[in-house]
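Below you'll find the structure, written out as structure tokens, and then a few comments.
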2 protein chains.
Amino acid sequence: MSIASDLIRGHTDTIILAHLIEKDSYGYEINRTIQEKTGNVFEMKEATLYTAFRRLEQAGCITSYWGDENTGARRRYYSITAEGRKTYKNNKAEWETTKELIDRLI
Amino acid sequence: MSIASDLIRGHTDTIILAHLIEKDSYGYEINRTIQEKTGNVFEMKEATLYTAFRRLEQAGCITSYWGDENTGARRRYYSITAEGRKTYKNNKAEWETTKELIDRLI
DNA sequence: ACAATATACCTCGCCTGTCAATGTATATTA
DNA sequence: TAATATACATTGACAGGCGAGGTATATTGT
């Protein structure tokens, strides 16, 4: 089972920000964490993930830097900014409100 | 306050079907009911509503017929079909699952 | 030795749902 | 008689998700 695109739409950014609040991280790791947290039920499509990184960086919610691994594939790490925390907080609050409204409507 | 488009996206059809399970209804009434149920916090945009009717009819989830009002503006009534009930049930189940996953992720 | 798999990144272009803008028509109310 | 409410509908722009495709390195199995 997978989540319908239209149900996940709009949560992608918030999910990423939630992960980055815990610690700096990179795309591959974020995606694997998501899979673990959902018992392998859900994974973000790579295209969706990297599109979101561009969008979030553009919006000033995250910054990025290359990791200094001397083995394995290179990693681009992301950090959440103050702006990103603010956005996260707003999105989360909006989710709580929306959740209740939808429950009332369906 | 209004619900972000991206959070409501994917629920439009389910919300309409939920209303039509109660009784046959028409666009304007459905929209007013939604507003009432949410304490005037949320309303569907007309374009979204009517697009959804086309989509649902196309998918065999609803059928329509003109009302026989002899006063006021004409109304196009919609009925939910067996297929529509099935879709509603699936969508609702998917919502319950998704809700939990999102809560776990954000 | 070499193929397969895992790790890790990225972009292009299509598809779909939302919605602003715009239009039509009738009935009621100020 | 102007404004508002009821009631329908379409068009085109926009944005996010994602399939398909691509690059590169390290490890594991045969």
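- Residue K45(A) contributes atom NZ, which lies 18 Å from atom C1' of dG13(C) at whole-angstrom precision.
- Residue T48(B) has no polar side-chain atom (N or O) positioned under 4.0 Å from OP1 or OP2 of dG17(C).
- Atom pair E43(A):CD and dA8(C):P shows a separation of 15 Å (rounding to whole Å applied).
- Here the OG1-CD1 distance, from T48(A) to I16(A), works out to 9.0 Å after rounding to the nearest 0.5 Å.
- The residue among T71(A) and R55(A) whose nearest nucleotide of DNA chain D is located toward the 5' end is R55(A).
- Taking atom CG of residue N31(A) and atom P of nucleotide dT7(C), one finds them 12 Å apart after rounding to whole Å.
- In this structure, D6(A) places its CG atom 7 Å from P of dT18(C), rounding to the nearest Å.
- In terms of hydrophobic clustering, with Ile, Leu, Val, Met, Phe, Trp and Tyr side chains grouped at heavy-atom distances under 4.5 Å, L105(A) and I21(B) are assigned to a common cluster.
- With rounding to the nearest 0.5 Å, the separation of NZ in K86(A) from CG in N90(A) is 7.5 Å.
- Applying ring pair (Phe, Tyr, Trp, His ring centres under 6.0 Å) to Y77(A) and the options Y26(A), Y28(A), W66(A) leaves one that passes, Y26(A).
- Classified by interplanar angle (parallel below 30°, tilted 30° to 60°, perpendicular above 60°), the ring pair H11(B)/W95(B) is perpendicular.
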Counting primed atoms, P, OP1 and OP2 as sugar-phosphate and everything else as base, the B/S/- map of nucleotides 3-11 of chain D against protein heavy atoms under 4.0 Å is ---BBBBB-
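- Computed from coordinates, the I8(B) CD1 to dG16(D) P distance equals 17 Å when rounded to whole Å.
- The distance from atom CE of M44(A) to atom C1' of dC9(C) is 17 Å, rounded to the nearest whole Å.
- Distance check, rounded to the nearest 0.5 Å: CG of N31(A) to NZ of K45(A) gives 9.0 Å.
- One atom, CD of Q58(A), and another, P of dA15(D), lie 12 Å apart when rounded to the nearest Å.
- Atom CG in N91(A) sits roughly 14 Å away from atom C1' in dG16(D) (whole-Å rounding).
- One donor-acceptor pair, N or O on each side, does fall under 3.5 Å between the base of dG16(D) and the side chain of R9(A).
- Using cut-offs of 30° and 60° on the angle between ring planes, the pair F53(A) and Y78(A) is parallel.
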